[in-house]
Amino acid sequence: MATLLEPTPIVTRPHPERRPSKGSMFLLLLRTTDHKLIGRMYFVTSFAFFALGGLMALIMRAELARPGAQFLSPEQYNQLFTMHGTIMLLFFATPIVFAFANLVLPLQIGSPDVAFPRLNSFSYWLYLAGALMATSGFIVPGGAADFGWTAYSPLSDITHTPGVGADLWILGLAVSGLGTILGGVNMITTVLTLRAPGMTMFRMPIFTWNILVTSILVLLAFPILTAALLVLFVDRHFGAQVFDPANGGALLFQHLFWFFGHPEVYSIALPFFGIVTEIIPVFSRKPLFGYKGMIFATVAIAALGLTVWAHHMFVTGGVLLPFFALLTFLIAVPTGIKFFNWIGSMWKGQITFETPMLFSLGFLVTFLFGGLSGVLLASPPIDFHVSDSYFVIAHFHYVLFGTIVFAVYAGVYFWFPKFTGRYMDERIGKVHFWTTFFGFHGTFLVQHWLGNEGMPRRYFDYLPSDGFTTLNTISTLGSFLLGASLLPFVYNLYKSYRFGEIVTEDDPWGYGNSLEWATSSPPPRHNFTSIPRIRSERPAFELHYPHMLEQLEHDAHAGGRIRSRPLEKLVASDGPRQGAKDTDPSSG
C-alpha cells in the first residue's frame, strides 16, 4: 500500500521588492546611525587589518626561519614589526571590542540604539581614517614607522627617524585614539541611561558589565597616549625637547606610554572575558556560577590594571621594583577568580562542544599558559633574565592572542545566527578551531624556549652557531598553519551568510540567558517590538521556559539548599522548548 508523503515546506526569505541602485550601499554606510550596521563595519574593517597584520607576521617568520638574510633588509624588517604590533593592538584588537559592543550591548540592555548614534558613526570613521593614515606610511618615501610600536625615545625623534612615515604613524594613532575615546563615552552613557525597565545594574549581563568597565579604562588611558603622541610630534618638528634623554625625557615617555599600554591590555581583554562568560553557561546548560563575584573581579582587574604599568620598566632601573612586582602578582587573584567561576559554571553541567564552546575552551587553555608566564615576568630577577627576549614575545602572544582571537572567533560563531538569521557550518567551524589551536601553539610555545636560550626580540638575523635554527623553523611552520586557519573561517562566513540554514527561533542555541535571545533573528531596526519582564540576570531563559520560574526563583534565594533536578526533565515537561535547529515539540 502506497504511503502519501506531504512535502515539507522550505523556509525562504522574501527577496527585496526592488534592486538597490548602484552606489546606494556606500551612501548607506556613510550616513547610517544603526548600531548593528556600524558594528558590522567595525567587524569587517578590523578583520581586514587583522589579515594585513597577520601577513606581516608571516613575512617576518619566513625571514627568521633560517639564519642569514633571506629577502628583507633590516629597515624593512623594522617597519614590519612596528606596523604589525600597531595594527594588531590598535587597529584590530581595540576596534573589534567596539564591533561586539555595538552589535550586542544595546540588545542586552533592551535599548533601541546607543545613546549617541551620530557620535557612534563618527567614532568609526575616525578609527578608519587614523588606521589608514598610519598604515599609509608604506607608500611614502622612507617607508613606514620603524621604531617599534612602543615608539621609545630617542628612537622616535626626528634625528633617528626622519621620515614622513613616522609622522603619519603618530597622527594616525592620535586620530584613531580619539575615535576610541568617543566610543567609550557612548558606551558608558548607553549603559547608564538606556537600560530597559527592571534592568538594574546587577541584572546586566557580564558582557555588558565588562564593556562598561572597559570604556571607563579607555577614558582613563587613551587621553594619556594621545597627549604623549602630540608632544612627540611637537618634539620632532618644533624642538620642544620634552622627551630628550638628556633631561630624563626618555623615561618620562615610557611612563606615559605604559600608563596607557597596560590598561590597554585589559581594555582589550575584559570584553573578551565577557564574551566567554556569556558562552560557557549556555553550552553547559547551567546558570553562571558566581555572577557578582565575576563583576567584582572585573572591577578589581581594572583598578589594579591602572597601577602596574611600571612592570614593563623593571630593567630601566628607574622604578620601585617591590611595589610594582607586588601589584603585578596581586592582579593574578581576580583573574584566578574568573577561572574558578568559569570552571564552576561547567562543573556537572551538560556540556556540548559546538564551535563557540570549543573556542571558549581554547581560550581558557591558551590564556592560562599566558597568565602563568606573566606570573614569572612579574618577578624582577626573572624579568631581568628574559626581558627583550622571545620569552616576552611568547608571553604576550599567549595573553593577547589567547584572549582576543580565540574569544573573537567564539563570539562570532555564538552570535552569528542572531544577527544574520543563518547558522554557521559546524563542520567547517571545527576545522577552523583545530587549525587555529595547533597553529598558534606550534608558533608560540617554542618561543618560550627560544627566549630562555637568549634569542633577542626585534632582531632581523641570527648566526647558525647560536642554536636558534630548529626552534625558529618550527615556529615558522606553525605560523603558516595559523595563517592558513583564517581561510576556513572566511569561507564559512561567506558560505553561511549566503547559503546557511535559516534560523527560525529567537534563541538558536536553546539555552540563552541574556536579552538578545528574546528578540527575532535577525533583530528588527530598533531591536525589540516588546520587551519581556526583567526580574533576574536571565530574562531570555525565563521567557522561553516559563514553567521553570518557580524553580529559578527558589534557587535564586539564599538560605536554602538548591533543589537539583535534571535539566532534561525540566525542559521536557510542560512549556515550549527551543533548541539548536529544533522546533517547538508542542507544535508537532
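Nothing here was measured: the structure is a model prediction, and the numbers come from that model.
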- Query: If you measure only the distance, is there a donor-acceptor pair under 3.5 Å linking the side chains of T355 and Y409?
  - Reply: no
- S536 and E542 side chains, donor-acceptor separation under 3.5 Å: yes
- Message: Could you tell me if the side chain of P287 sits less than 4.5 Å from the side chain of R538, heavy atoms only?
- Response: yes
- Under 3.5 Å donor-acceptor, E354 side chain and E426 backbone: no
- Nearest 0.5 Å, what's the CG-CD distance between N513 and E537? 8.5 Å
- Message: Do R40 and F43 form a cation-pi contact, if we require the NZ or CZ to be under 6.0 Å from the six-membered ring centre and within 45 degrees of the ring's axis?
- Response: no
- Under 4.0 Å between a Lys/Arg side-chain N and an Asp/Glu carboxylate O for D507 and K418? no
- Does K36 count as lying over the ring of F419, i.e. NZ or CZ under 6.0 Å from the six-ring centre, within 45 degrees of the axis? no
- Query: Between N527 and H35, is any pair of side-chain heavy atoms under 4.5 Å apart?
  - Reply: yes
- Message: Ring centres under 6.0 Å, that's the criterion: do W125 and F122 meet it?
- Response: no
- Query: Would you say the side-chain atoms of S121 pair up with the backbone N or O of P117, donor to acceptor, closer than 3.5 Å?
  - Reply: no
- Evaluate the side-chain proximity of F91 to S46: yes if any heavy-atom separation is below 4.5 Å, no if none is. no
- Message: Under the side chain to side chain contact (heavy atoms under 4.5 Å, CB included) test against T328, which residue among T307, V308, L304 passes?
- Response: V308
- Assess the pair F47 and F50: is the distance between their ring centroids shorter than 6.0 Å? yes
- Query: Just checking, is any N or O donor in the side chain of H432 or Y413 under 3.5 Å from an acceptor N or O on the other one?
  - Reply: yes
- Query: According to the side chain to side chain donor-acceptor pair (under 3.5 Å) rule, which pairs have a member within residues 200-218, sequence neighbours left out?
  - Reply: Q108-T208, N210-T298
Can you give each donor-acceptor pair under 3.5 Å made by side-chain atoms of residues 359-372, sequence neighbours left out, with the distance rounded to 0.1 Å?
unit_1: S360; atom_1: OG; unit_2: P356; atom_2: O; d: 2.9
unit_1: T366; atom_1: OG1; unit_2: G362; atom_2: O; d: 2.8
unit_1: T366; atom_1: OG1; unit_2: H441; atom_2: NE2; d: 3.4

- Query: Around F202, counting heavy atoms of other residues, nucleotides and ligands shown, do more than 12 lie under 6.0 Å from its CZ?
  - Reply: yes
- Separation between OG1 (T277) and CZ (F289), nearest 0.5 Å, reads 13.5 Å
- Task: Scan side-chain atoms only and decide if T94 and E264 contain a donor-acceptor pair under the 3.5 Å cut-off.
- Result: yes
- Query: Does the gap between the ring centers of W517 and F414 come in under 6.0 Å?
  - Reply: yes
- Query: So which heavy atom on P417 is nearest to which on P508, and how close?
  - Reply: CB-CG, 3.8 Å
- Enter the distance from I181:CD1 to L219:CG here, rounded to the nearest 0.5 Å. 7.5 Å
- Message: Give me the atom names and distance for the closest heavy-atom approach of A407 to F272.
- Response: CB-CB, 3.4 Å
- Using the benzene-type ring in the case of Trp, are the ring centres of W415 and F207 under 6.0 Å apart? yes
- Item | Side chain to side chain, Y398 and F440, heavy atoms closer than 4.5 Å | yes
- Query: Does any donor atom in the side chain of S345 or K286 lie under 3.5 Å from an acceptor atom in the other side chain?
  - Reply: no
- Is a side-chain donor-acceptor pair under 3.5 Å present for R285 with T352? yes
- Taking C-beta and beyond as the side chain, do S123 and T180 meet within less than 4.5 Å on heavy atoms? no
- Task: Using salt bridge (charged side-chain N to carboxylate O under 4.0 Å, His left out) as the criterion, list what pairs up with K338, not counting sequence neighbours.
- Result: none
